[in-house]
Peer 1: 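Dropping a structure here in structure tokens format, bear with me for questions.
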Amino acid sequence: MTPVLEVTDLNVSFGDVVAVRGVSYAVRQGEVLGIVGESGSGKSVTSAAVMGLLPPGATVTGSVRLHGKELIGARQRELTAFRGKTMSMVFQDPLSALTPVYRVGDQIAEAVRVHQKVTRTQAAAMAVELLDLVGIPNPAQRALAFPHEFSGGMRQRAVIAMAIANDPDVIICDEPTTALDVTIQAQVLEVLKKAQRETGAAIVMITHDLGVVAGFADRVLVMYAGRPVEVGGVDDIYYGPRMPYTVGLLSSIPRVDTDGRHPLVPIEGAPPSPAALPPGCPFAPRCPMRLDACEAAEPPLFDVGPAHQAACIRWQDVRPRVAAKHAVPVEPRDGRPRQDRQPVLKVDGLVKRYPLLRGSVFKRRVGTVHAVAGVSFEVREGETLGLVGESGCGKTTTLMEILELAEPQEGRIVVLGHDTARLGGAERMAIRRDMQVVFQDPLASLDPRMTVYDILAEPLRTHGRGDPGGRVAELLDLVGLDPSHAARYPQDFSGGQRQRIGIARALALEPRFLALDEPVSALDVSIQAGVINLLDALKAELGLSYLFVAHDLAVVRYIADRVAVMYLGRIAEIGQVDAVYEAPAHPYTQALLSAIPLPDPVRERSRRRILLEGDLPSPADPPSGCRFRTRCPKFRAELTDDERAVCVAVEPSVRLLDKDQGAACHYAEKLEVT
Amino acid sequence: MTALLVGRRAPSRLRVVAWRFFQSTQGRIGFAVLVLLFLLAFAGPALSPWSYTDKDFTAFLSPPSAEHWFGTLQTGADVYAVTLRGMRKSLIVGLLAALVSTALAAVVGAFAGYFSGWTDRTLTWGADLLLVLPAFLILAVMSPLFGAGQWVLFVIMLALFLWMVTSKIVRGMTISLKQREFIQAARFMGVSPVRIIFRHIIPNLSSLLIVDATLNVSAAILTETSLSYFGFGIQPPDVSFGTLIADGSRTALYAPWTFWFVAGLLVVTVLAVNLIGDALRDAFDPASRRPR
């Protein structure tokens, strides 16, 4: 079978900077090719070059053939004739991929009418059909909506509908699910699979998520520093990688299915800048198997197996890494059982509501957003509680309420034995010293105008700790940075290093309790592993307690001792990590866990997914009774009408099922999902 | 490794900014020129036998010569002496008025933006009130107060009418800056609001403030010039750049020395201030190109 799209020796440069160097691949009809790489590896530029969408400043050489027709150097008219027809694209950000001022249906109809001779009414009818195909409820009605009236998942469905409107032969998806929550990601991936079945198109899937590729792709191309470093069938790549970078990537991802405590192996260093590539193999400076010969010349792609190539001169010696035992013990360091340890944080029935105001001169209250609606949990000495949930579930609001140290609207917050409702100024200062925070985006949470020295000295000066010089050097040393870099500004560091500075600042005052707000979600996988390991080591070394807020359940499984899953302002399930992950009892936790893609092709293909329907309801108008019932698979399929009546009428509270596992469901039942 | 840092002096922001400032050619040149101008204004008159009040009745409107380095005016006054005297006033008035007005704008704007509520309303109301008052008229009416030795009052009055627009910009930028995570981080660390304003908010607005201050130097000198031109502001026998340019422009065509020396020094002053401003802005801004 001849390939539909064939890319040979593609090079892209912007001025002197070479972004893509010698990319070659071919996709056949019905085949899915996954292109994997970290940020800056040139994967998005490759796809833009294939579509002919690069800015005029870019120089492209090589060959891109679609059905044997050369596209590089083709005239604009020829390009527009096939763009959107034979080859279409799904972008990362569905909001900017749709024009905000046109109705969604009209935009899809426009995509149809550009390439097909149909009347306006026919095109509109086709748009509704397409929306139905991608699973949008009430398609005829929703076609009249504007993009801002759609949720993120629905927008991405509309973009997919547009991409398949003209029955294309190739669909290029550039990080199609990165901006979406896991349960929505699972829905969208399902839609993409369906779209591929319907059209028989070849799909080029560009992503940084090795889990997404595992279940979706037939072949995988791994890119590093603008170059393919390993190409092969999905099973070959995952089970028999021949390039140390691929091995490194695979062993640095935290996985939701292994019982947490295998060590993550970070790749040392950071990806090279395309403007200053090292001589020889670009991965050599970070490679654990480096030889002198590696720096002599850049290795070509060697044939290492049937349809499997790797760019490493030592490919015969490369072995997939075997998981070793975790260095840090699971049990609390001092060996005391949980109930004997003091709680450092106790949240009891916390409620936070925001008024919804309308009008510019006279503000009227038109509603209330119930961001947090009665949340209770506690964190004891030396333990890590992971607070997880999708965006809009109230986890960040909960964290901010705790950090404010003010009296909550309802409920009680007790930090280090002090009730926040009855705090004096001096006590509040003392708590601020013992409780510190690490934010999500290290660049945003470090003052760009301050040197690293001043940033680290600030907490010391605020709490009157004399000359900070020595302590600053100690702190930098503690988080694995060079103390002589103290005079630099945050922007001179890479993402992972910046987050280390953020952690160093939080540790400056030797706190007892650390609140971490998505501390690794802005980092690339190979760097993320290093920061997670650091947090884990610091916790053991300094006897800290963590409240770890995250949306990534795999990271939480790796670092947390206990986990609380939030849904729409309430806790759905809470308990000991392994218990919750191995046998979740709440239908939402079950769906959430089953939605996370595993970087393991065989298991990923064979596992059963619990797909949730629809989107998160608005927190301004939550459903009566159980907040999850509108999307609950159990409510929909398993319960009798009498049982359902209870779900509608009574809001469940967290009920203890086991020694340390509770779920807020009237019909909670343990179920293995991963 | 620890000893490395302890032995050296701590690399705090002030030291880093100063180092980067003097690393740039612009900054060094600007600073050197401004120092020279100050030296000239304060030590220069001692070099010449003439003082700014002396009149040479043997030389009216004579061109530069060995006797009178910059020539003389119609009244017989030595141009060198009066120019330096005028420069002394204008430098002090211009630089101080600019600094005071920018500082006022930064503080008022940042407090209004950070605290919102009543603080914001009161401060915004004050700024609006000053915006609608006719500044020139008030300065003119108050001009009898700016007699001999009252230049401090004059500086304050000039500054008072220069800060409002900048403070509104600062307020808006503070409101958006307040949402940033590093401000939250400082709050959760227990840093007091006033400290946050001076340590985080104002330094992050420094590009705007420095540009504003350099523009204000010329604005202040020019306001003083136009006030003095109309006979307000600096009162005779004292002189300033303004009064000198006003007088000199009348004779500039046939006796260029009465005008060009003053005008030239004004241009050099403003240029030096701008060079310093640019270099300072780059030194404060970590994202700017590294000085080599």
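Order of the sequence lines fixes the chain letters, A, B, ..., with proteins taken first and strands second; residue numbering starts at 1 for each chain. Computed from a predicted model, the values in this text were never measured in an experiment.
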Peer 1: Can you tell me how far apart CG (A:D447) and CZ (B:R199) are? Round to the nearest 0.5 Å.
Peer 2: 10.0 Å
Peer 1: If I measure from the heavy atoms of chain B, does A:L446 come under 4.5 Å with its side chain, its backbone, both, or neither?
Peer 2: backbone
Peer 1: Heavy-atom cut-off 4.5 Å, strictly under: side chain, backbone, both or neither for A:Q436 against chain B?
Peer 2: side chain
Peer 1: Looking at B:R195, I want to see if its CZ is surrounded by more than 12 non-hydrogen atoms of other residues, nucleotides or ligands under 6.0 Å.
Peer 2: no
Peer 1: To the nearest 0.5 Å, what is the distance between CE on A:M429 and CE on B:M189?
Peer 2: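 One finds 10.5 Å between CE of A:M429 and CE of B:M189.
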Peer 1: Can you establish whether the number of heavy atoms outside B:F31 located under 6.0 Å from its atom CZ is more than 12?
Peer 2: no
Peer 1: Would you compute the distance between atom CZ of B:R180 and atom CG of A:L443 and round it to the nearest 0.5 angstrom?
Peer 2: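 Reported value, rounded in 0.5 Å steps: 8.0 Å.
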Peer 1: If you look at every heavy atom in A:Y489 and B:V17, which pair is closest and at what distance?
Peer 2: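 Scanning both residues completely, I find the closest heavy atoms to be OH-CG2, 4.1 Å.
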Peer 1: Using heavy-atom distances under 4.5 Å, tell me whether A:M450 contacts chain B through its side chain, its backbone, both, or neither.
Peer 2: both
Peer 1: Specify the closest pair of heavy atoms between B:R187 and A:R432, including all atoms of both residues, with the distance to one decimal.
Peer 2: O-NE, 3.5 Å
Peer 1: Using the rule given for side chain to side chain contact (heavy atoms under 4.5 Å, CB included), can you reason through A:E458 versus B:H200, listing the C-alpha separation, both sets of side-chain angles and the distance that settles it, and then say yes or no?
Peer 2: CA-CA 11 Å; A:E458 179 165 35; B:H200 294 285; 2.6 Å; yes
Peer 1: What are the two closest non-hydrogen atoms of B:S207 and A:R449, and how far apart are they?
Peer 2: OG-NH2, 3.2 Å
Peer 1: Which heavy-atom pair separates A:S445 from B:F182 by the least distance, and what is that distance?
Peer 2: O-CB, 3.2 Å
Peer 1: Where is the tightest heavy-atom contact between B:G190 and A:T462, given as atom of each residue plus distance?
Peer 2: O-CG2, 3.5 Å
Peer 1: Is the count of non-hydrogen atoms from other residues, nucleotides or ligands lying under 6.0 Å from B:F284 atom CZ greater than 12?
Peer 2: no
Peer 1: If I measure from the heavy atoms of chain B, does A:R428 come under 4.5 Å with its side chain, its backbone, both, or neither?
Peer 2: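 For A:R428, neither part sits under 4.5 Å from chain B.
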